[in-house]
Structures are given as structure tokens and as C-alpha cells.
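This report refers to the structure that appears directly beneath it.
Below, chains carry the letters A, B, ... as their sequence lines are ordered, and counting in each starts from 1. Heavy-atom basis, side chains included; hydrogens, waters and symmetry copies ignored.
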Amino acid sequence: MLDKTYDPHRIEAQWYQRWEDAGWFAPRLDGDAGAYCIMIPPPNVTGSLHMGHGFNNSLMDALIRYHRMCGDQTLWQPGTDHAGIATQMVVERRLEAEGKTRHDLGRDAFIDRVWQWKAESGGTITRQLRRLGSSLDWQHERFTMDEGLSNAVREVFVRLFEEGLIYRGKRLVNWDPVLHTAVSDLEVMSEEEAGHMWDMRYPLTNGTGHLTVSTTRPETMLGDCAVAVNPEDERYRHLIGELVELPLTGRRIPIIADEHADPEFGTGCVKITPAHDFNDHAVWTGHRDELQIADQPHGGLINIFTPDAAIRANEPDEDDLIPAAYIGLDRYEARKRIVADLEARGLLAGVKDHRLMVPRGDRSGAVIEPYLTDQWYVKIGPLAAPAIEAVESGRIRFVPDNWKNTYYEWMRNIQDWCISRQIWWGHRIPAWYDAEGNVYVGRSEQEVRDQHNLPADFALTQDPDVLDTWFSSALWPFSTLGWPEDTERLKTFYPTSVLITGFDIIFFWVARMIMMGLKFMGDVPFRDVYIHGLVRDAQGEKMSKSKGNVLDPIDLIDGIELEPLVEKRTRGMMQPRLAEKIAKQTRKEFPEGIPAFGTDALRFTFAALATTGRDIKFDLGRIEGYRNFCNKLWNASRYVLMNTVGAASSRDEHAGRGKDAAPTDIALSAADRWITAKLNDTITQVREAIDGYRFDLAAQAIYEFTWSQFCDWYLELAKPVLTGAHASDAAKRGTRRTLVQTLETLLRLAHPFMPFITEEIWQKVKPLAGEPAGYGGETIMLAPYPVADADVDDPAAVAEMEWVQQFILGVRRIKGEMNIPPGKSLPVLVANASAQDRAWIEHARPYLDFLARTESIRVLDDASDAPESAIALVGDMKLLIPMAGLIDKAAELKRLEKEIAKLRGDIERIEGKLANPNFVDKAPAAVVARERERLSDQGAALAQLVAQQTKIANL
RNA sequence: GGGUGCUUAGCUCAGUCGGCUAGAGCAUCGCCCUUACAAGGCGAGGGUCGCAGGUUCGAGCCCUGCAGCACCCA
């Protein structure tokens, strides 16, 4: 028997271990069933679970469990990502606490430290995924830096290089001066910030005055190679080809004509600093062959910064290219000094406040500097074209569909991918250099030596850089399955079925997987891409540590007291004032802390909120409601078990399933047949919803059936049968069997969304319910998913039960509105009853007595005999509850008036419609017929109520 | 500047092919501790579907314009 109260903690603790130990998460590789596979988006190996993971994994597990129960060969591939920059930063911060930098340790020792950190913290997120109930195939867990995946990375790098799709080039990159590495365009976040616009005077060398240029970055003037004006700009046209003197440096630079100069912007003159600005670099590219530029130092492409973004020293052959006064100054210090010096010389024309877009590294937050470096690139055009085609042709389908536009937009404007990073934690680039700087690419140093006949004493040094983390992630759908080996798993599970992810990594990850999958597997990596929204807080704000509004899914599962919650939210806060604010806000929002809701409630909430194409606001009220739902299911199950375990019910009584199997001594009532038909409808709805990725509709259908049909009606209808003296043993058996089988099926239906509670209950129900579709196994997670059965449709039973419900609701409504306690028994008179009504009254009498608390039901042959009564209509039949001593005449008149007004409004609308010849002629016949029928029904009801109103009013 | 999405009850959201009186949960208000469940039961109130036009017999849904909000890209 089930415990009296639902305690998610106790249930969840045991089942996961059992499932995993039994090996039930592994795909069954035998047989000819279809394959179904999802790759987990690998979380950061040293990270911990946030709400986004919780959401994402709840949906994936629902699909995986559904398909596993459907009998597919089902694989959910687990694994983690080494998350290069992020992980390296964490370890560096820990070193910093010891007063060291990574350079103090050296590369090898530092990497050892990172592996140590992984060993320490690497289990956290996989443990947390287990807490969510995720049925991942842990026996095959992978890590992006394990041996197999590293092999795959080298293999891909070498093959792309050999095809000319990977190259090394010196270009402007996004340089992070704090992390000392290049980052890709995607890792740069530009936001508008407050700054200044400086107007600086550059004297004309012909002595006729000066040009004024506007800039937001005055310090970069040291690297200017020209001033550009728009060729159409009348003000400056005559100066094109003249020279100006670059202040503070003594260099002379030309005035050039270029469209890039916007006459409307500032003075219309723009300084060109090709080594420190992407636009300027493009301008320079167009003018680099002009003598006045080509003759400048470095052909005009003058870098002025060190990797720290400080002003660099001069090279031996540069003379005083960089003025000594600024060398060694940080870029912002240099800015101040240069502005001051210009002002001192009368060359500063003005300063105004100006809002500008500032690019920052998404990890470090440092202002990104366009910087000239040697980097490795993937030539992306040849990879992008087939990846675009794969979506256009429908081989890959986005859900919701409109995301494909975002994908196209990016893919059609894609730039070559900078894949080298100047950090230590990651896949080392498989390239070696000799003393002359020649580069050799190969799978290993040995392979390079063999291929190029380089003797062992020929010095080679490996490229110090590592690859962008997303390079290895891009291979995830096939590298995890064993590629480049041709494994069984690869053959079975590639292409995978669906990718489930947030829109934020369409570019980082989804697009790159598609390109790499097509390139190396010759096929798409997945058929569907389901894009879900972001999990936000109850106010719709993005969750972030600095806002202090982060919810930890584990805290929702286990609950957390207020003090630990406050501590957690403010831990490691740099700004005490912010910490104080967050603490205050947390105490206000969660004065009692957060109660434990359990995993099933959390998962069901995620499913219910997963409407397509929208972010979700995570409101604690919702999870509370679904925790209550778990409780409801639990208690309903207790009721079913209490009434079936042990009773006269042997296993045989329940063993039969469906109509054919019904033994002769079992009688199924209309209620039994009705709930079976309703369940059948629900099965269809849930399956359709899951197949269409409508997790919200699936959850809603399960919720509605369980609560509003099974609990509110069927369990109540079962009571008079099970406890009443009038019911036959065959009827009792029929009801018991229906209770058990409905519950058993419902548990299987709900299992993908609430795995723990359904397993726990199923274990108790299974011995009573018999084997669903011949399944005799030990766990619900491998039991067959319910299949709808057209044979159990039963319109007669449905009609009867709807009548019963109308009758009961009619009586309840009168009681409710008249403030009569619901438990009070009342005599009911019935008038205008048809033969069918009379039969049903007879037949359904026990239900009516129990649920409507009818003391007696008397059928009147003539309604005029009735005493003063409150009225309710069931079709044409009138329910009359004598008012004497119970009901106030004025109250009943008011109630009638309200209903009459509603009917009149309705009738008026319908008459209007039917009076319109266009409607009658053009609308489909069925629609017109339905309106006519409604009019006649409403008209009859109105007549009855009006008659009643008159009668009562006249008393 | 370009793009995408959103706007429905106090709140959070459904609403499929254009067709019954626009639904659910939470919140609110009454009555009930009825032997599965007070984490509950029974009942009730609550809507100009962002605004303005258009198409249609019929529009929350389709079209046009406008407004507001959010996000992405430059």
C-alpha cells in the first residue's frame, strides 16, 4: 500500500539508482525496431545545473522515455564539454587566490591543475542530471577532451587542412586583452555605452589650416595612415591628395577619398587606423597601393598596441614611429595623455558626450581590441552552402519553423571562422613549425616527420594555440558515436532524431554541427531541431547571478531554507551593496525559503510551460500547482489500491483487457465504459502532442484527464458501486477492474513527464492490472506506451454519463447559489421527463443519490403539481427543488433572471445569423443546421425558465 | 537601420482548418474538515481578444497600417 502522504524525496532517492544499475537506460540494440537518438547538449564539465538545463533536459527525457516505451532503439547520449575559456578562467581565478598566475606554473603544470579541478568538480553536473531523472546512457558517457573525441578533432583538422579549408592568416581579430586570446565574432557582445567624441585638428602641410576629424578613440591616432573624406563632399573635395601632419608624431599622412566617410557624421573627416578598426582596415585595403600610403611604415598598417592593449615600444628599425612619451601606457591612460597633449598644442577642437557601441568579450567582459595577429581559420563558404541547402530542402526541420530564417540570415552572411585560441586548456592545434617557420600539419608529430621525411633531430615545435571549444562541439553528433571508426552505434544512431536546444546557440553550435556533419558523415546530424525559449524569473527577467534572481532546479526539488538561499545568492559577490540588495529582495520574495516540490513536479511544470516559440516565466505558483497534481495522483492511487487490493479481487478479475477479454461474470457500467473511452481520447491527444513537440498540450491533456475526469468524476462514481448494497458482484468487479486498468494505463501515459511517482505507484498497481500488451517486465520505463483503441469508443455510455453529470451539476448549482451546504440531502422533483430520462433516472439513481445528495427523486407527470421550486434544466427535463424553508423566493427569481437574460442574448444572436440570407446560403449546411438546433434548444429552455419565473413571481 | 516574436480574465498562458456561449491554472468571493486527497471538495464572479481599417455569410485567428514590449543582427 502507498504511504498516507506523497513524499517525493523518498520515492526519487531509490528509483534512479535502481534504473541505472539495471542498465535500463542503454538502448536495446537487438531487433529491427526503429532507432531514436538525442545528443545531450554537453554542459560545461565543471559547471552546475541551471534552470535552462533543467528545462532542456526535462523535455529531452520526456521524448526519450516516450520513444523507449514505444519500442524504439532509443539512445540518449550523455557527455560534457571542456569549455576552454570558461574552465581556464575558473582555474586561473583559483590560482590567483594562491597569489599565482598560470605562467608561474607553466603550461604542463597548469593543465594538470585543470584536470585536477575537473576531477574535483566534474561529477557535479552529471549528478544533478541524475537528480532530474534523466535516462541517459551513462555507460557511454563522453567528454570532449577524452581520447576518442580528441582523435576526431585532430582527424577533422587534418582533413580540412589538406582540403585547403583550414588556413593560417594574419588578420585583424577580436582580441581580448585580458585573456590574451583571439575570440570569434560570436563571443563579442556589443552594447551601447556612454563615452565621448573628440574633435581633433590635423594641420594641413600646405599651410592653409587644418582638418578636424572626429573620433571616439583618440589614442589610436598614433596608428593613423590617412584621413578619409567622402568623394562627394564639396567641403573637402579640393583637399583630396593633400597631406596633413599627424600631430604628436610628425608623420605626414594623405587625405584620401572614400565612401566610408559619412559627410553627415561629425565633421565628415574620419581618421583611418587600419590596424585597430575593422572598417578602417577595409578602407586601407582599398587604398593600400596608393603611394602615399604604401610608402608609410608597414605600408600604413601600423599596430600600436601590445597584447595587453598598452602602447608598444618601437622595433629596432622603426626609429621613433611611436613617440616615446606614450610607450608603455595602457590604452586609456594613453588616451588621457594624448588628449591633454593635443589640447596643450591647441589641436583639440572639442569634446562632447557620445553614446557608442562598445564590444566586450562575453567571458572576460574586457573591451575587445581589433588586433593584428596570426590565427587559424576555417574557410566557411564551402561548408555553409550545403548546410543551407539541407534546411531549404527540408532534410532538417526547425520547430518552430520560423527559426530557419534566423539560421539562413546568419549562414548567408557567415565569415571565416577563427578557430585558434591563445589559451592552454583545449585541443592543441596539430601543427608544427620548423626553425624557418614552415608549418606542418598532421595527426601527430611522428606522422608529420614520416610524411615529410624529417629526421628525429630536426627541430619541430608544436603550435602553442588550442582550438575554439566549439570546434569539438561541432563534431559531437558523430564523434560521440565512435567516429572516425565505423562503429555499430554510428551506423545505428546517425543521423540522430532531434536536437533540443535554446536559440542562443543556433550559431555557436547548431549551424556548425550541420556543416561538420554534412562534411564528414555525408548526412545531416539530426532531422529536427526543436528550439525552446529561455527560462526567466516570475517577472520575466533573465536569471542572472548579478540580479540575484537565479533559481537552482535542485533547490526546487529539495527545497531550501531562507538563510542558505540568501547565502547562496550573495556568495562571492564583489559589491557588498549589491549583495545587500539581493539579500533583501530574496527575504522579501521567499520569507519561508522554498519548499521541496520534487523532481516530478518540476519536470511536469517545464513540460506544461513549454509552449512553442516563447520564453517561459517561471512562476513558483505553477510548480506548486503541479506538486499538488502529483499529490492528487498519489491520493487517487491510494484510493484505487484501497478498494482493489485484497478485496474479492484476485489478479484474474483484473487480468482481462479490452472487450474481448471480459469474463462473463464481469459487468461494465456506463461509467466504466465512459472513463475508458475518455482515457482513449486522452491517449490520442497525448501521443499527437508529443509527436508534434507540444509538451504543453500533452501535459495539459494528462492533467485534465487525471483531475477533471478520473478523480472528479470516475472515482466518485465508483464509490456507490463499490460500497453500495445494490450493486451486483459482477458490477463491483467491473468497476474494480476499470479502476485498476485506467490507473495503470494513465501511469504509463504520464511516465515520460513524471517518471518517479509513476514508477512508484505502478509497482503497486502492476500485480492487480495484469500485463499491459503482454509486458511482464519489472519497470514502467520499459513498459509499452499506451495505444489508442478505436473499439472502446462508446457513444451510448458517453451520452448517459453526460446526462448524469448535467443532473448532478444542476442540483449542485442550486445548492451552491442558495448557500445550501453541499452535503445536505434534498428531495428532487423531475418534470417533462422523456422515456430515456426516466430510464436513466432509474439506472443512475445510486450515482445521483451519492453525488447530488438527492434524498428522493419523484417523476411528475404534470409539472403543474409541483410546489414552489428552484429549477435546473437537463436538456428538456426540469429538475425542481422545493424551496420550502430552504430557498428565498427573491434569490431564486434573481437567479432565473440572470439565466434568462443570458439565453435571450444568445437567442437574439442566433436569430440574427439565421435571418441573414447570406449566412444561410453560403455557410456550410452543417454549420447552419447546428445553429438551428441551438436556437430550438435555447428557445425551449427559455420558455421553461420564463414559465417558472412567472409561476414563482405569482406565488 | 534590417529581422523575428509577442500583446487574450487581476497574474501566467492555451486557443489547431476562420464556424457552438473565447478556455485552463493561479488569484478572488461564497459554502463545506463528505470515510483517496484541506497540497482537498462543491459552486460563483471576472474578457471591447493592443488600436484602426479591410477581406468574409462569419475574424481572437487571414490582410494592411499604427502603437507598445522583448529579442536577434548590423
Side-chain angles (χ1 to χ4, degrees), chain A residues 2 4-6 185-186 190 357 400 402-406 408-410 413 503-504 506-507 533-534 536 538-540 542 595 597 601 605 608-609 611-643 688-689 692 694 696-697 699-700 703-704 707-708 711-712 715-716 718-719 723 808-809 811-825 850-853 895 898 902-903 905-907 909-910 912-924 926-928 930-931 933-935 937-938:
Chain A
L2 297 173
K4 171 97 172 115
T5 49
Y6 165 59
D185 300 346
L186 289 174
S190 288
M357 296 301 281
N402 54 284
W403 283 109
K404 71 178 185 222
N405 297 325
T406 306
Y408 289 144
E409 185 57 31
W410 188 68
N413 298 298
F503 61 86
D504 47 331
I506 291 182
F507 308 143
L534 230 57
R536 297 168 176 278
Q539 281 71 45
K542 214 163 159 175
F597 294 113
T605 307
L609 293 174
T611 63
T612 43
R614 241 196 215 259
D615 287 351
I616 64 178
K617 294 188 194 178
F618 198 91
D619 183 354
L620 240 44
R622 288 298 285 264
I623 190 172
E624 189 186 344
Y626 293 121
R627 190 268 321 263
N628 294 353
F629 176 61
C630 291
N631 189 51
K632 189 78 177 173
L633 178 61
W634 182 264
N635 283 307
S637 302
R638 280 181 59 226
Y639 170 81
V640 171
L641 291 169
M642 281 167 57
N643 282 286
E688 281 178 6
R694 290 303 304 265
D696 57 329
L697 298 182
Q700 197 191 343
Y703 185 98
E704 206 274 339
W707 203 312
S708 308
C711 292
D712 285 353
L715 294 190
E716 297 304 318
K719 286 175 184 175
T723 58
I808 293 165
L809 289 171
V811 175
R812 281 178 180 170
R813 203 176 315 120
I814 291 171
K815 284 185 182 173
E817 288 176 19
M818 298 304 165
N819 281 351
I820 298 169
K824 180 159 178 66
S825 289
F850 183 73
L851 289 173
R853 306 283 170 205
R895 201 176 69 88
K898 202 176 67 186
K902 207 167 144 194
L903 281 174
D906 224 20
I907 287 167
R909 241 192 322 274
I910 302 169
K913 261 188 182 181
L914 288 171
N916 180 349
N918 281 325
F919 173 71
V920 179
D921 292 347
K922 296 191 181 172
V927 173
V928 177
R930 207 160 45 222
E931 292 295 328
E933 195 182 333
R934 265 190 62 219
L935 181 62
D937 288 352
Q938 309 284 62

Would you measure the distance from the [atom1] atom in [N] across to the matching atom in [M] and give it in whole Å?
N: B:rG46; M: B:rC29; atom1: P; answer: 16 Å
N: B:rA39; M: B:rU35; atom1: P; answer: 15 Å
N: B:rG45; M: B:rA27; atom1: C1'; answer: 13 Å
N: B:rG18; M: B:rC61; atom1: C1'; answer: 7 Å
N: B:rA9; M: B:rA14; atom1: P; answer: 12 Å

Which one, [options], comes nearest to the side chain of [X]?
X: A:Leu715; options: B:rU21, B:rA36, B:rA74; answer: B:rA36
X: A:Asn402; options: B:rU21, B:rA36, B:rG5; answer: B:rG5
X: A:Asn631; options: B:rC13, B:rG15, B:rC37; answer: B:rC37
X: A:Ala923; options: B:rG19, B:rU21, B:rG40; answer: B:rG19
X: A:Val927; options: B:rC71, B:rC20, B:rG19; answer: B:rG19
X: A:Ile910; options: B:rA39, B:rC57, B:rU21; answer: B:rU21
X: A:Lys898; options: B:rU21, B:rG45, B:rC57; answer: B:rG45

Please name the nucleotide paired to [N] by Watson-Crick or G-U wobble geometry with both distances under 3.5 Å, or report none.
N: B:rA14; result: none
N: B:rC62; result: B:rG54
N: B:rG68; result: B:rC6
N: B:rC42; result: B:rG30

- Query: Is the phosphate of B:rG41, meaning OP1 or OP2, less than 4.0 Å from a side-chain N or O of A:Trp707?
  - Reply: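 Yes.
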- According to a strict under-4.0 Å criterion, is A:Lys913 in side-chain N/O contact with OP1 or OP2 of B:rC20?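 Result: no.
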- Whole angstrom is fine here: how far is it from NZ in A:Lys815 over to P in B:rA44?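 It works out to 14 Å between those atoms.
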- Query: Could you give the CG-to-C1' distance, from A:Leu620 to B:rC11, as a whole number of Å?
  - Reply: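 Interatomic distance, CG of A:Leu620 to C1' of B:rC11: 14 Å.
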- Task: Flag this pair as yes if the NZ/CZ of A:Lys719 is under 6.0 angstrom from the six-membered ring centre of A:Tyr639 and inside a 45 degree cone about the axis; otherwise no.
- Result: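 So A:Lys719 does make the cation-pi contact.
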- Query: Do the side chain of A:Glu716 and the base of B:rA36 come within less than 3.5 angstrom through a donor-acceptor pair of N or O atoms?
  - Reply: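 Yes, a donor-acceptor pair under 3.5 Å.
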- Task: Please confirm whether any donor atom in the side chain of A:Lys719 sits under 3.5 Å from an acceptor in the base of B:rA36, or the reverse.
- Result: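 Between B:rA36 and A:Lys719, which were checked side chain against base, a qualifying N/O pair under 3.5 Å is present.
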- Closest-nucleotide ordering on RNA chain B, the 5'-leading residue of A:Met357 and A:Lys4: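 The residue closer to the strand's 5' end, by nearest nucleotide, is A:Lys4.
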- Would you mind calling B:rC13 syn or anti? Take O4'-C1'-N9-C4 for purines or O4'-C1'-N1-C2 for pyrimidines, and syn is within 90° of 0.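 With its glycosidic angle more than 90° from zero, B:rC13 counts as anti.
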- In chain order, what residues pass the salt bridge (charged side-chain N to carboxylate O under 4.0 Å, His left out) check against A:Lys617, with sequence neighbours excluded?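 Per chain and number, A:Lys617 pairs via salt bridge (charged side-chain N to carboxylate O under 4.0 Å, His left out) with no residue.
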Restricting to nitrogen or oxygen on both sides, can you table the protein-nucleotides 30-34 of chain B pairs closer than 3.5 Å?
{"residue": "B:rG30", "atom": "O2'", "partner": "A:Asn819", "partner atom": "OD1", "Å": "2.9"}

- Message: Between A:Glu931 and A:Arg934, does any side-chain N to carboxylate O distance fall below 4.0 Å?
- Response: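 Between A:Arg934 and A:Glu931 there is a salt bridge, with a charged N closer than 4.0 Å to a carboxylate O.
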- Query: Does the ring center of A:Phe597 lie less than 6.0 Å from the ring center of A:Tyr626?
  - Reply: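 Ring-ring flag for A:Phe597/A:Tyr626: false, centres at least 6.0 Å apart.
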Can you name the atoms? Protein N/O to nucleotides 6-9 of chain B N/O, anything below 3.5 Å, with the distance.
{"residue": "B:rC6", "atom": "O3'", "partner": "A:Arg614", "partner atom": "NH2", "Å": "3.1"}
{"residue": "B:rU7", "atom": "OP1", "partner": "A:Arg614", "partner atom": "NH2", "Å": "3.1"}

